[in-house]
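Heavy-atom basis, side chains included; hydrogens, waters and symmetry copies ignored. Owing to the predicted nature of the structure, the values given are computational and were not obtained by experimental measurement. Throughout, residue positions are numbered sequentially from 1 according to the sequence presented.
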Amino acid sequence: MTRRAWPANLTQRARRAASAPASAMDCAPPLPRHADAVQFATVCDLLDALTDRKERRRCHKARTLRQWRERYLSGVREHPPDVAAPVAAPRWRKKKNAPPPPPATPYDPVKQGDVFSIYRLLLPKLDGERRMGVKDSKLATALCHAAGVDPLVHADAKAVVDWRTRGGAHSRRRATEVAEAAGSLVDVACERLFQTRCMFKDGADAEYSLTVGELNRLLDAVAAAGTVAAMGAALRALMTRTSPRTMAWACRAMLKEVPTGMSKDAVLNDWHPHAAKAMLSLSNLRRVLAATADPASRHERATIELGAAARPQKGEPVATAAEALDRVGGGPFVVETKLDGFRIQAHVSSGAVTYFSPAGADDAHAERLRVLDAAVLGSVVGGAAAPLVLDGEVVVWNRASSAFDPFGGIIPVAIAAASDDTRGGAPLASTAPRARAMLEYDPPAAADLVLVYAPFDVLRVGDDVIADRPLSERHKVLRSVLGLGDDDASPPTTLVSTCIPLGPAGVIHGRVEPLLPGRPFMGGEPQSALGSTAADVEAAFQAGQRRGDEGVMVKSLASPWTPGGKKLWCKVREGTRRGGRGGRRRARRARPHPHHHARLPRTPR
């Protein structure tokens, strides 16, 4: 393979290629007809150009990305690999009555390779199929294993392991100098390890021998490694195929911290104008790229599909009840407690339940909630024979204190319920890590805990997507699918609001408790009510503050459910009232909770 004679900046490349004679283009490799055949070094060239500090204009970054895509992915998108791309005739040669050109060959991901293999490297945070599970500390140790150096003996290995302080710089410099010296793990590893232990040098001809398909297979081997030693062996194989520059970008892809200088929506919209909108309803990068492969396709209307997590609709933070009333349009609304739990979409189909968090399929916490399958399936009319998509929150209810357990105890309770080690109902010391730091915090007993799924919306029933219907109609459908009549006094026809033993031990219980206007929540007072004035919002907010709730949600009864939208929904929290935009970020930390007490000085036992 001949060495590429183009400069590093893609904009300069285009200018020089346009002004150079035709023989100057012979130094470039042939354009790929398969996505996996694209050289990974060319992807690194793109990332280097996008992250160039000299170029900060968004329009120039977008032009750079477009030029790279048109050169390396246009043939992949429009022409099969076994057919050469037709050469467009110059405009001056076109005749007035000339026949139209033949239509472009439709994109076939089977023959041409899915461009997902490239975009999963550009947008690794949207890749839900490869779960690396690699943190900085684990990757640093694995890189030392791959290089064959011991952090206890070798100075370079010690610097990589202690990358935050550049190898113990705190003992020789002041705190400010330490902060300036500390860089990223990838930068330190590139300086100490990759420069001397990678097989190729930056800019060498062999740097372009590694293709995207080969890199993804090597990264899959790193993700499948169970131990640090196995990960080091997989990284050693990767270092024999890369240069320091390409190895650095591969490590950033493992950490899912690839800077592009552009937002993810801008990168997606460069592929297709409606790709970012499709991502709201699909939340799956592979499916989005396949659905938008045809440039002429349109995806303006977001849909709710089974097995694809739609980005949840949230509320716009407001500070006062008057702002909330103005936000929902001044019409009738429902004001409900903002539960401090996990936002979960439950996709029910053929007797199985799939849970999705706002992070999509890449969230391992949602898989911990499979212990709730019996409670969810028992609460649906007909045992979920028809497809169903519910939207709600998962919380932990403490029956002893008649209050919600802290947010940090949800996943530990789900793990304890799925296992048989619940200590016979003894206190669970693993719940609520933040609350355990409080001296007077008493761990709850396992027998007093109820893992609750509180659905407050329904998005799809069977083949009918009802997310665009008014909220008042969706509430009626939710009552119907859960076996609840129009009158809450009548008993339900399903196991809704019934505690079901979870797991093999059966000590922790599960329950489905819908959050509907006027319906008692967990056997107590209603947590949702109808309203029409600002006084109704203020009364619900003050009642929630007395209970220690996070705040209230105000939703217009005429509002649709839009993926990723905030229309006609708002939330009022104490942190928003105190600190504006900064207070919203501190709302959860600032609000009181019944299980959180003031930190007291430790006393000797």
**OP:** For side chain to side chain contact (heavy atoms under 4.5 Å, CB included), just list the numbers for K61 and R58, CA-CA rounded to whole Å, side-chain angles, deciding distance to a tenth of an Å, and then say yes or no.
**Re:** CA-CA 5 Å; K61 293 180 182 294; R58 296 181 180 179; 5.6 Å; no
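- Under the 3.5 Å distance criterion, the side-chain polar atoms of K338 are left unmatched by any main-chain donor or acceptor of M553.
- Across all non-hydrogen atoms, the minimal contact from V381 to S480 is CG2-O, 3.4 Å.
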**OP:** Apply side chain to side chain donor-acceptor pair (under 3.5 Å) to the pair S184 and R252, showing each step before the final yes or no.
**Re:** CA-CA 10 Å; S184 65; R252 293 187 181 99; 5.4 Å; no
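- With hydrogens and angles ignored, the 3.5 Å screen pairs no side-chain donor or acceptor of R474 with any backbone N or O of K476.
- The shortest non-hydrogen separation linking P444 to D405 is CG-OD1, 3.9 Å.
- Using a 4.5 Å cut-off on side-chain heavy atoms (C-beta onward), S357 and I344 make contact.
- Judged by distance alone, the side chain of D448 and the main-chain N or O of A400 form no donor-acceptor pair under 3.5 Å.
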Subject >> Step-by-step side chain to side chain contact (heavy atoms under 4.5 Å, CB included) determination, T337 to R547 >> reply: CA-CA 10 Å; T337 300; R547 294 191 302 264; 3.2 Å; yes
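- The shortest heavy-atom contact between F333 and D536 is CZ-CB, 4.3 Å.
- Between the side chain of T494 and the main chain of V380, no donor-acceptor pair closer than 3.5 Å is present.
- Counting all heavy atoms, side chain and backbone alike, F521 lies closest to L515 at CD1-CD1, 3.8 Å.
- A donor-acceptor distance shorter than 3.5 angstrom exists from the side chain of Q313 to the backbone of T562, with no hydrogens or angles considered.
- Taken to the nearest 0.5 Å, the CG atom of L268 stands 10.0 Å off from the CE atom of M262.
- The heavy-atom pair separating S117 from N216 by the smallest distance is O-ND2, 3.1 Å.
- A side-chain donor-acceptor contact under 3.5 Å links S497 and R519.
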Subject >> Worked verdict on E367 versus R131 for salt bridge (charged side-chain N to carboxylate O under 4.0 Å, His left out) >> reply: CA-CA 13 Å; E367 295 185 357; R131 297 184 179 180; 3.0 Å; yes
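- Inter-residue side-chain proximity for V267 and Y119 is flagged as met; some heavy-atom pair is nearer than 4.5 Å.
- Between the side chain of K256 and the main chain of D127, a donor-acceptor pair closer than 3.5 Å is present.
- Judged by distance alone, with hydrogens and angles left aside, the side-chain atoms of Q345 form a donor-acceptor pair with the main-chain N or O of A310 at under 3.5 Å.
- Counting only heavy atoms from C-beta outward, the side chains of L255 and D136 approach each other to under 4.5 Å.
- Using a 4.5 Å heavy-atom threshold, the side chains of V288 and L126 count as separate.
- Contact of the V394 side chain with the Y355 side chain is not registered, since no non-hydrogen atoms from C-beta on lie closer than 4.5 Å.
- Among all heavy-atom pairs drawn from V43 and L122, the shortest one is CG1-CD2, 4.0 Å.
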**OP:** List the steps, then state whether side chain to side chain contact (heavy atoms under 4.5 Å, CB included) holds for I466 with E473.
**Re:** CA-CA 9 Å; I466 63 174; E473 295 185 14; over 6 Å; no
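- Here W397 contributes atom CH2 and C499 contributes atom SG; the two are 11.0 Å apart, rounded to the nearest 0.5 Å.
- In this structure, V334 and F456 have side chains that are not in contact, with every pair of non-hydrogen atoms separated by 4.5 Å or more.
- Y453 contributes no side-chain N or O that, together with a main-chain N or O of A375, makes up a donor-acceptor pair within less than 3.5 Å.
- H272 contributes no side-chain N or O that, together with a main-chain N or O of D270, makes up a donor-acceptor pair within less than 3.5 Å.
- Atom NZ of K566 is separated from atom OG of S559 by 15.0 Å, given to the nearest 0.5 angstrom.
- Rounding to the nearest 0.5 Å gives a distance of 9.0 Å between CG of L451 and CG of L449.
- With contacts defined as side-chain heavy-atom distances shorter than 4.5 Å, the pair L530/L557 qualifies.
- To the nearest 0.5 Å, the span separating OG1 on T64 from CG on L47 amounts to 11.5 Å.
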Subject >> Derivation and outcome, side chain to side chain contact (heavy atoms under 4.5 Å, CB included), residues V353 and L377 >> reply: CA-CA 8 Å; V353 186; L377 293 176; 3.6 Å; yes
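- For the atom pair NZ of K571 and CD of E550, the computed distance is 7.5 Å after rounding to the nearest 0.5 Å.
- In this structure a side-chain-to-backbone donor-acceptor pair under 3.5 Å is present from R460 to I304.
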